[in-house]
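This is a predicted model, so every value here is computed, not measured. We use all heavy atoms of the structure for the numbers below, so side chains are in, but hydrogens, waters and symmetry mates are not. All chains are named by letter (A, B, ...) in the order of the sequence lines, taking the proteins before the strands, and each is independently numbered beginning at 1.
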Amino acid sequence: MSNFPILIVALPLCFAFFISLLSLTKLNRFCGHLALLSVGVSFVLTLCLGPRILAGEKIAYSLGNWPAPLGINLLVDGLSYLLSLIFGLLVLLSVIYSLEDHKGKYFSLVLILYAGMNGVVFTRDLFNLYVFWEILSISAYILVVSPQPASLRASLLYLFLGSLATALFLLGVGIIYALAGTFDMDALAREIPVIWRTQPLAILLVGALFLVSLGIKSGLFPMYVWVPEAHSLAPTPISVLLSGAVLKIGIYIFIRLFLTLFRTEVSLEGLILYWGLISMVFGGCLALVQEDLKRMLAYSSINQVGLILIGIGLGTKLGMEGSLYHLFNHALIKGSLFFSAGMIIESTGKRRIRELKGNGIVPFFPRFSFLMGALAIIGVPPLNGFISKWLICRAAVERGNLIVAALILIFGIVAAVYYLKVVQNLFSVAKMCQTEKRQSSSIPWIKYTCLGTLLGGSLVFGLLPSQGLYLIREAVALIFP
Amino acid sequence: MRRQETKIVRNVARKLFPVLVLFAFYLIIYGHISPGGGFQGGVVLGSSLILLYLSEGPERVEKKFKNSQLAILEAIGVLTFVGIGFLGIILGKHFLGNFLPIGRVGMVPSAGLVLLLNLFIGTKVGAGISLIFYALMKFDRRAQGE
């Protein structure tokens, strides 16, 4: 039990290289199954930690028996557990989804991505955080490449912007090390207020560097360019991972660094609130005019990440609760939306929203699940998106920020406009297409199970919101004790 | 495609190659007591292969040091590293916990696991650098051929 944190990180890493070894031999076709096994084991280990974490315990682990300020430490607390749970679920489903379509090195990269994600959320060492972040980013850059030639351009764009982001982050980490002489987060939490008194400008610089780099990585307003490109052109399971997990890493690092560690006199709440607001407005407006299905989902991700930031920026416990719950819900909903969009595109070969008209071209289940996902993300009551939007809205009202609350509601309606446009096309009967007998390629049942799991999840967490809030209670308690 | 350098370059490169490999292993093995280490040594190891590649031409070098062999070597380097980490857990310590005698400060066989780990990092980095170079050169040759 005590070794679980490192096993969750190291097992996928170990299997990743084993798979890259295996892909050179004749046993190539078992790569996917082996990846599934290792992600499964890792996810089960994460689940095993659950009861202890949710009871309020923190599980620390020091690598190589070196104690805190000297060595690298891992710590699983409420926040990292929540994120690790999301990552585990999404990676597991993505691996299942891609079992038939991909082989060899692809799975090895997915496993490295998974190891990197868990490493980022577990580590207590700032430099180590950077290393894991870079590991996961590099595998994400490569995974974006799909058979479509345009995806190479998207991958390169993501690579350039992503490297800029991590380079800025590294610069910030370097300045912090020069000032404080340590990378250990607990030691830094003690050191930063002391340094703040003598050298406030340096700390401000570091904060600015971190904010810009996190903004790029989580696709916030001015630095969002890579998001629609990479999300729309990547293979479906990778789109799910990018939107559901990789964008969330930026938000996690923001919460971890700025809200639990470096609390200084400068309040970032206003900045985050308005940044989130602009992102939400911008993402929502641009999603309205998109013609490509997956591009629209990508802009919708920018919109939702903005909403998550608004909840954080409100600076109240309720807002944080709503935000973290929305983070969790968005992973489930966007996962199911991207999976169903992928299936729709796969079975019809069409990406444009206008061309999706016509009953019978698209199998029923992807259409239905797209409808459910759309309703959930718009915030229609029995589904989970409603609960988190409601919490954020209520927090805004309680804070007296009625304009923000109104904007959230208005952009709920905007989301309804652009999602229901697609739904309308999916369920409409086009006369031209009916005469044209189209043989839609069948989708293996195993892909339906991925979709079903996520849909079931969004229904369960919508009907039983107390269960979801129980999951995030410890994470919120970390920030608002 | 013929790409051969002059006799002088080839002779010097051929004589330099073993020295470079020796230097690489020096950097790796003395990594824990002097400047150097697994990564640095590995880069020198990789660049020694690059030197040979540039002077002898791609065909001869890729026949001796096959792409697939290097890929296997690279994967084995990491796997052994993680394996040593897991060995620490099995022997009742933490991940990467030291289970070897620590030895005397300043001697080569000291610092427990560090020497072993450096060796495997060196293998991995050396193979990795050569693989990256192979890939780039293949790209270059294809671009020239078209």
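- Taken to the nearest 0.5 Å, the OG1 atom of B:Thr80 stands 11.5 Å off from the CZ atom of A:Phe17.
- Contact annotation for A:Leu24: only side-chain heavy atoms (C-beta onward) come within less than 4.5 Å of a heavy atom of chain B.
- Counting non-hydrogen atoms of other residues, nucleotides and ligands closer than 6.0 Å to OH of A:Tyr130 gives a total above 12.
- A:Cys14 approaches B:Val82 most closely through the heavy-atom pair CB-CG1, 3.8 Å.
- Surrounding OH of B:Tyr30 are at most 12 heavy atoms belonging to other residues, nucleotides or ligands under 6.0 Å away.
- Residue B:Phe25 qualifies as open at atom CZ: its count of foreign heavy atoms under 6.0 Å is 12 or below.
- The parts of A:Ser62 that come within reach of chain B are both its backbone and its side chain, each placing non-hydrogen atoms under 4.5 angstrom from that chain.
- Atom CZ of B:Arg14 has more than 12 neighbouring heavy atoms from other residues, nucleotides or ligands inside a 6.0 Å radius.
- Between the side chain of A:Tyr61 and the backbone N or O of B:His94, no donor-acceptor pair lies under 3.5 Å.
- More than 12 heavy-atom neighbours from other residues, nucleotides or ligands sit within 6.0 angstrom of CG on B:Leu136.
- Between B:Phe86 and A:Leu11, the closest side-chain pair of non-hydrogen atoms falls below 4.5 Å.
- Within the 4.5 Å cutoff, the side chain of B:Ile89 has heavy atoms near those of the A:Leu7 side chain.
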Derivation and outcome, side chain to side chain contact (heavy atoms under 4.5 Å, CB included), residues A:Asn3 and B:Phe95 | CA-CA 8 Å; A:Asn3 285 316; B:Phe95 186 77; 5.8 Å; no
